Structure formats: C-alpha cells, structure tokens
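Let me begin by presenting the structure, written as structure tokens, before commenting on it.
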Amino acid sequence: MCSIFQITCDGALFNRCLDCFLGEAAYISKLQDNLDALETELGRLIAAKNDVMMRVVNAERQQMRRREGVQQWVSRVDAVKTGADELITDGSEEIGKLCVGGYCSKNCRSSYKFGKQVAKKLQDVKTLIAEGVFEAVATEVVPERAPEPVADKRPIEPTIVGLQSQLEQVWRCLVVEESVGIIGLYGMGGVGKTTLLTRINNKFLESQNNFDCVIWVVVSKDLRLEKIQEDIGKKIGLFDGSWKNKSVEEKAVDILRRLGEKRFVLLLDDIWERVDLTEVGVPLPSPQNTTSKVVFTTRFIDVCGSMESHRKFKVACLSEEDAWELFREKVGQETLESDHEIVELAQTVAKECDGLPLALITIGRAMAYRKKAEQWRRAIEALRRSASEFSGLGKEVYPLLKFSYDSLQNDTVRSCFLYCCLYPEDYGILKWDLIDCWFGEGFFGESDRSGAENQGYDILDTLVRACLLEEVEDDKVKMHDVIRDMAIWITCEIEKEKRNFLVRAGAGLKEAPDVKRWENVRRLSLMQNQIETLSEVPTCPHLLTLFLDFNYKLETITDGFFQCMPSLKVLKMSNCGHVKVLKLPFGMSKLGSLQLLDISHTGIRELPEELKLLVNLKCLNLRWTHMLNKIPRQLISNSSWLRVLRMFAIGFENSKEPSEDSVLIGGGEVLVHELLGLKYLEVLELTLRSYDALQFFLSSNKLKSCIRSLFLIKLGDTKSIHATAFADLKHLNELCIRSAVELEELKVDYTEIAPKRSEPFVFRSLHRVTMERCHKLKDLTFLVFAPSLKSLSLYGCNAMEEIISVGKFAETPEVMGHISPFGNLQTLYLTDLPELKSIYWKPLPFTHLKEMTVHGCNQLKKLPLDSNSATERKFVIRGYTHWWNRLQWEDEATQIAFRSCFQSHEI
C-alpha cells in the first residue's frame, strides 16, 4: 500500500519565486553586457567629472569657493571609479568561467557574486551621472589677495618651429591622462628639450589647468640635491636664511609637508642621472595618485627608466620642412634673395644640419649677410669635410657647432671662446672677470687695459650673437652645455697639441687629478670641487692658466706647489678655504710670468713678502678679502706693471689693528701714497678708512680716473661728505659706505647743478650703492642724479627718514620737473630702517625693477607705486605680512595690481 504526498502552491507565490530565480540567473547571463555597459557609463561619468572640475577650476581662479555638495559628489565619483576599474580589470577572468552560451558558469557561486557586484556598480554609476548636473559649482567669496601665477614665465623666442605636436602630446598627459604622473623628454644635446620644457612651463599661464604651482629646476651634470631643494623651497615659500642652513633630510621633511598640500608640477631640466625625488622630499606621482606631475629632460633614454617615467617622448630633430623654415628665419630673407644661387645652396647647408635646432640656429646666424654664392659653397665643403672625419657624437653634433667656431673672425676670438669652457656647467661668468683673464693671458697683445676692455666686450657681443655664449644678466654670460662640451672636445682632441686643456670643473672631486697628467697641459681648471689638500708638487712647464676657484674646503697648499710653473700667467683662487683660513704657500715668488692673481672672497689674513717678486703682475684681485690685515709695504708699489688692482671691501672684519709694516695702517693714506707710484694703473677698486684718506685720494686726478669701486668704512667723526666730489669719478660704478656712525649727509648743491647742466646727471656710471650702519644718515637725495643705478641696498641706517627728500628740491622746481629717479633700478633692499617713511614722494614707473625687499621698516607705510608702475610686467616685493597689510595705496586698483607681487618673509 502506498500513500501520495501532494504539495499545493499558491499561483502568486510561485510567480515571485520564479522571478527571483530568473533575476539572480541574469547576473550571470548578462555579465558581459553589464561589464560593457559599466565601462561605457564609467567613461560618461569621468567626462562629466572632468567638465565639473573644469568649471570648478575656472571658478576658483576667480576666487570662488567650491560648493560642499560638488566636493562630496567628486569624492563619491573617485570612490566609485576605483571600484569600477577593479571590476572591469577582473571581468575577463570571470567571463572565462561562463559556459552553456553564457547562461551558466563553472563556478556559479563566484559568477553570481561577481555579476551582482557589476550590476550594483553600474547602477551606482548611472545614479552619479544623474546627480552630476549642477547649476552652480562654486559660490563667490571676497578674496583677501589676488592669486599668484601658477608658474613663473620664462623667456623664449617668439616663434618656435617644429615643437607644437609634441607640446600637445605632453600637455595631454599633464591635464587629461590621469594614469601618467612622471614624463621623460629625452634626445640629443641641442635638439630643443629645454625649449619644449619652457613652452610647457609658459602654457600653464596661458591655459586652464588644475594645478596650484609649477616649479622649474635646472639640474645639470653636477647633481646637487641641496640646489634642487633650494629652487623648490624658493618657489613654495620655504627658503630663508634659517632654512638654508638645515640638513638635506630636514629640508626634505619640510618640502614633503608643503608639497603634500598642493597639486604641483615639477619641471626638471637637464638630468644626467637618476634624481632621488624621495630624498629631495618630493611626493612621488604614481598611476594611482597623479594629482601632481613630474616632467624632466635628459639626453639619455636610460634615465627615463631609472626615473620610472610613466611616459617618455623622444624629442627628435626637425623634419626637413621645419628645418628649412627655421634656417631661413635665422639667415634672413635679405641674404637669401641677394644671389639667385643662394636659396638652393642654403637648402643644402640646412640639410647638412640634419634637423638639429641648435646647429640650424648657430650656423644660420653665422651665414647671415654672407651674400656671395662662393661663400656658401665653401661652407658646404667645410661642413662635409669635417663631418666625415669623426664618428658618434662628434660626427653628429660637434663638427656642426665647430663650424660656427671656425667662422669666428680670428684666433683671438677663438681663444677667448675656448677659454670659457674652463668654467663649470651653467656657471654665470662675470664679464669683467673674464676680460681680466683674457688680458692676463695676453690675448689682446700689447693693448692697455682700456683697449682690452673694449675688445673684450666686443668679443663677448660677437660670441653671444653667434649663439656660442648666452647672456644671463647685464654683467654675466654662460655657455650652453653642448657648446661647452664641443669646446672641450676641440681643446682636448682636435687641437690638443696647440691647446691641451684639462677641465674637471664641477666634477665633485675630493682630490686633485694625478699631477703627472698636468705635465703637458696648458690650461687647467679644477673649479667648483671639494678638494681639501694640494699636497704634491706638480711639474708644469707649459701651464698658462690654473683655476682653483670655489674649492671651499681647500685647507692646505703644500710649500713649493707653484715652483715648477714657470709659464703660469693666470692663477685664480677666489672663494677658496672658507672652512679654514687660506694661506698662500711658500714659493709663490717662482711665478715670474704671472700676470693675474685672484684671491678674492677668501679669508686670507696676510700677503707674503715674496709677492714683491711678482714684478710682471698686471692684475691683482683682492675683492672681499674681509679678514686681510697685512699687505707689506712696497708690495703694491713694486708691482710697477699693475694695470688692474681690485681692493674693494678688504680687511673690514679684522679686529686686529694692522701692523706698522702694512700699507693698511691708519685710514689708508699709506696705501694711496703707494698707488700714486703705479704708472700704468687703469682700473682701481679701493677701500679707505678715514675722511683724510678719502681727501688724499680725491686730490689725485690719476687715481680718480681709474676708480671703479669705492668702499668707505668708519670715516671717524665725519658728519658730511660732498657727494659732488664723486661726480668727477667718471668710471665709478660701485659705492659702499659702512659703519660711518657720525655721517649725517651726502651733500649736493642742487641750486648749482640746475643752471649749469642741460641734463643734471652727474653720477652717470654709478650702478650699485650700499649704505650700511650709517646710523645718522637721513637721506640719499643725491641718487636722483644717478640715472644708471641698478642696485640700492640700505642696512641699519637708524635715522634715515627719506631716501629722496622732496624738501631739498624746494628751491629748484625746474630740476624736479625733469627728474624721475630709479629708472634703471633692478634691486632695492631696505633692512632695519626704523624711521624710514618715504622712498620717493610720488609714484615711479620702475621699468626694470626685479625685486624689492623691505624688512624692519615699520614706518614705511606707502610705496611709490600706482597701477601703472608694473604695466605688462611683474616684480617681487618681499616683506613681512603685518607690514604689507598696513600699507596705504593710491587706490584699490593699485592694491589689487601689486597683491600678486608680494612674497611674505614668513614660511
């Protein structure tokens, strides 16, 4: 007997169970469709987010504040994107588990769970898209100050050929592609990497972007993390005196903290090896965190790997069409049209450059105004002949650059050019210092120093125009690193027998190279190293030039070191021995051929008696030997051939009274007396310590005609100096008065100047003025008659109330109408002037001003600025925030115009 078991089911309940089963099965059967939809909808969501963020950035640039709801939505989008990306990445593995046409799975439980997550994430994305429609993304706020520019604009030629495509590619990585954080730009020297990086830097000022700051750092071959940290610190407001003295590790912590709060772009130019950004303190961008970016340039593709770049771009030579356009621009249409054959010949020359921009520019400028076809044929022959003689880098680059070298007017200019490679990479070479060396070498023949100076500046202009040197500032030049490498190649390989340089400048040496290598060297540079001891005595019968500058740790030079250098003409030891007082070794008297001795910026305390035997010395540079206490009597007067004597700022920090056998005894009258015996003296920089010594000096027309720089210290009880006495110093370009505690006035008789001069400028050559610790000095009104003034520095002048006093012009209104001082001023430093109330009584244009620093001038409540003072240009104003906030302005427009110029001293 059997029994029947029967189940009765309600129809509605059955339908609900069936729907549930089919719905859950759909998570598996629709997995592929849902994944595809998720990827599509996620793309729409990211596009919507980018649109919203662009609106946010635009609003924030206008000092508006992001709405809280917008910020929450952006955060939810970022969270959803992270989860969706993971599901899309894992999707292919789950699809591989499906079977039966996709309606079942080899692991139903896993596929069901994954499919449910995909469906849920798809719904979240759609919800966020619907919620991402904002009528307004930000609210207006009253800004406290105008935003600082995201980047510092860098100079660049107005037209740049052949870089637009790569610029757009890199820019897309910076502002669109979120997975790219580190970008490498690599290519051969002179191809335009720095130019491209400069275009990128400036584009941040021209285009909308989402970054807070752009930081530019030149790295160069001599990698120094401290220098990178200093450049970053200056940009983000960390750099000051105390921060500079911190260790690398401490600076890294500060940089990491500050940059961690910013969306930044770090531009590193000219990397030769891996830069450890973590050690610098830079938070590393990664594919998961690309709120900030790093872009660098290098010559080596291997560096792109060691820097772990997410994208790399080869900066290639120009196409034939772009190369011709660039070359034609540099040669000039006038030359190209001067002979019917020249265009075709010029195209051949351009092809020989093989698209290298630096070569095209250099050779194009060299060929400008060569209007005969035969000149172009010879140029083609020269290029082809030299280019076939070398392989590798020499074959591709140096012969092309050497053609510009070969095209220089004469061997003197060529020697002057090659001389510049003795300096380290990226080194700003002072023009007058370089000309001193050229003069000491005898490059100008029997010319006097005045004629040599004119020739020297002409040669510098020639080299700058030929793109073989770059002008850094008014008084400095530098060599592009590729040009420098080419020059070293010429001296060490091509013309070794004639030139034979050994250049290890900026090489990080702790020991000097083996002195056996010096035997046949003619010019040796060990500049900017960390050499502590020169313990061996080299034999250098042919050595003409020795550069030891900027070896700060140099403590010991063995006696007799210079005794086997009979041909040495130029010896430079400036900025040596800062750790320990530099002492010149015994045996200097053997340098019978020496023409130039430079021991400036050292802590040397005395000059040895044997220097009296350097009877051929023409240039002696003692600038800023602040501890110098003894210069033996007759040492100066015995140097009868001296033409250049630089004694600016000597001995002012030595507390010991000079001995009786030193020309520094007293106020300097003994020194002046010896100077009077120098028949050939042409350039003089002088330090005097008394008013009597100053008067003695001013009584000599010979010395007044030579003076370039004058440093006056203490001056006893002198209360006033007639500044018009300086008017007869036609070449005076630097004046410093220090610790003249009783000095109240630098007098100028304005009523006498006005009627006698059509142009009342009596200090035309004066470029730099410094007044320090002149506690009773009240003004510097005489500076209205110094139209060329570039730098003015005032420190600790407690009684100074005005820099230019309007009251002193009360009787000469005709002068006031024609005077606009500080027209060429570039830097103005005002420190610890507690009574200063006025710089000038009305606004000034400040056409060339780069930097104004004000510290400890709490009574200075108004600057001579109006809305026109910085038209189309910006300069930096540094000071404490509390001082800045108390300033009074002509109008609100002026205040707004200069708000972005201000940089606070506070970190």
Side-chain angles (χ1 to χ4, degrees), residues 241 623-629 647-658 662-672 685-698 707 709-727 729 732 734-749 763 766 768-783 786 789 791-805 807-808 828-839 853-860:
R623 279 180 64 91
W624 291 99
T625 49
H626 56 287
M627 299 297 291
L628 186 61
N629 186 58
M647 303 180 72
F648 182 82
I650 65 170
F652 65 88
E653 287 187 2
N654 200 319
S655 57
K656 294 175 61 178
E657 187 66 25
S662 174
V663 297
L664 300 179
I665 190 72
E669 295 92 333
V670 177
L671 173 60
V672 174
E685 299 181 1
L686 189 58
T687 299
L688 297 174
R689 294 167 174 76
S690 73
Y691 185 72
D692 290 340
L694 175 62
Q695 293 301 106
F696 186 21
F697 161 77
L698 292 173
I707 194 72
S709 301
L710 187 58
F711 189 101
L712 304 177
I713 184 169
K714 295 184 179 179
L715 300 181
D717 297 330
T718 304
K719 293 187 176 182
S720 68
I721 297 175
H722 285 274
T724 43
F726 300 136
L729 309 181
L732 183 69
E734 185 175 19
L735 174 64
C736 177
I737 303 179
R738 178 187 174 104
S739 299
V741 294
E742 298 298 324
L743 183 64
E744 298 178 1
E745 185 179 20
L746 288 161
K747 289 184 177 180
V748 173
D749 191 337
F763 311 105
L766 197 57
R768 293 178 296 279
V769 170
T770 301
M771 299 288 163
E772 185 172 355
R773 300 175 195 167
C774 298
H775 298 314
K776 296 183 179 181
L777 190 62
K778 295 180 180 179
D779 66 80
L780 292 173
T781 307
F782 81 98
L783 291 179
L789 189 68
S791 173
L792 176 59
S793 302
L794 307 179
Y795 303 90
C797 298
N798 296 342
M800 187 167 291
E801 298 180 0
E802 306 170 284
I803 295 180
I804 307 298
S805 171
K808 292 190 174 181
L828 176 61
Y829 301 112
L830 307 175
T831 302
D832 294 333
L833 310 174
E835 300 300 321
L836 184 67
K837 297 180 177 64
S838 170
I839 296 173
T853 297
V854 181
H855 179 260
C857 305
N858 293 331
Q859 298 298 316
L860 183 62

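Any value given below was found using the heavy atoms of this structure, including those in side chains, with hydrogens, waters and symmetry copies removed. Because the structure is a prediction, the values reported are computed rather than measured.
Residues forming a salt bridge (charged side-chain N to carboxylate O under 4.0 Å, His left out) with Glu745 (at least two apart in sequence, or on another chain): Lys808. Residues that satisfy the side chain to side chain donor-acceptor pair (under 3.5 Å) test with Ser838, not counting sequence neighbours, are absent from this structure. Qualifying side chain to side chain donor-acceptor pair (under 3.5 Å) partners for Arg623, counting only residues two or more places apart in sequence or in other chains: Glu685, Glu734. By the ring pair (Phe, Tyr, Trp, His ring centres under 6.0 Å) test, His855 is found to be paired with Tyr880, His905, residues two or more places apart in sequence or in another chain being considered. Contacts of Ser791 classified as side chain to side chain contact (heavy atoms under 4.5 Å, CB included), with partners at least two apart in sequence or in another chain: Arg768, Ser793, Thr827. For Phe652, the ring pair (Phe, Tyr, Trp, His ring centres under 6.0 Å) partners are Trp624, Phe711, not counting sequence neighbours. For Glu835, the salt bridge (charged side-chain N to carboxylate O under 4.0 Å, His left out) partners are Lys837, not counting sequence neighbours. With sequence neighbours excluded, no residue forms a salt bridge (charged side-chain N to carboxylate O under 4.0 Å, His left out) with Glu669. By the side chain to side chain donor-acceptor pair (under 3.5 Å) test, Thr718 pairs with no residue at all, sequence neighbours left out. Take Asn858 and apply the side chain to side chain donor-acceptor pair (under 3.5 Å) test, not counting sequence neighbours, and it matches no residue.
For the atom pair Ser690 OG and Leu712 CG, the distance stands at 9.5 Å (nearest 0.5 Å). Between atom OG of residue Ser662 and atom CG of residue Leu628 there is a gap of 7.0 Å, rounded to the nearest 0.5 Å. Between Leu715 atom CG and Arg689 atom CZ the span is 11.0 Å, to the nearest 0.5 Å. Taken to the nearest 0.5 Å, the CG atom of Leu729 stands 11.0 Å off from the OG atom of Ser709. To the nearest 0.5 Å, atoms CG (Leu735) and CE (Met771) are separated by 4.5 Å. Atom CD1 of Ile737 sits about 5.0 Å away from atom CG of Leu746, to the nearest 0.5 Å.
Closest non-hydrogen pair, Tyr691 versus Ile721, comes out as CE1-CG1, 4.1 Å.
A salt bridge links Glu772 with Arg738; the closest basic N to acidic carboxylate O contact falls under 4.0 Å.
Judged as a salt bridge (charged side-chain N to carboxylate O under 4.0 Å, His left out), not a single pair has a partner in residues 713-726 (not counting sequence neighbours).
Listed for the His775 side chain is a donor-acceptor partner under 3.5 Å among the backbone atoms of Gly796. A donor-acceptor distance shorter than 3.5 angstrom exists from the side chain of Thr781 to the backbone of Ser805, with no hydrogens or angles considered.
Inter-residue side-chain proximity for Leu671 and Thr687 is flagged as unmet; no heavy-atom pair is nearer than 4.5 Å.
Each of Leu792, Leu860, Asp779, Leu833 was evaluated against Ile803; a single residue qualifies, Leu792, per the side-chain contact (heavy atoms from CB on, under 4.5 Å) test.
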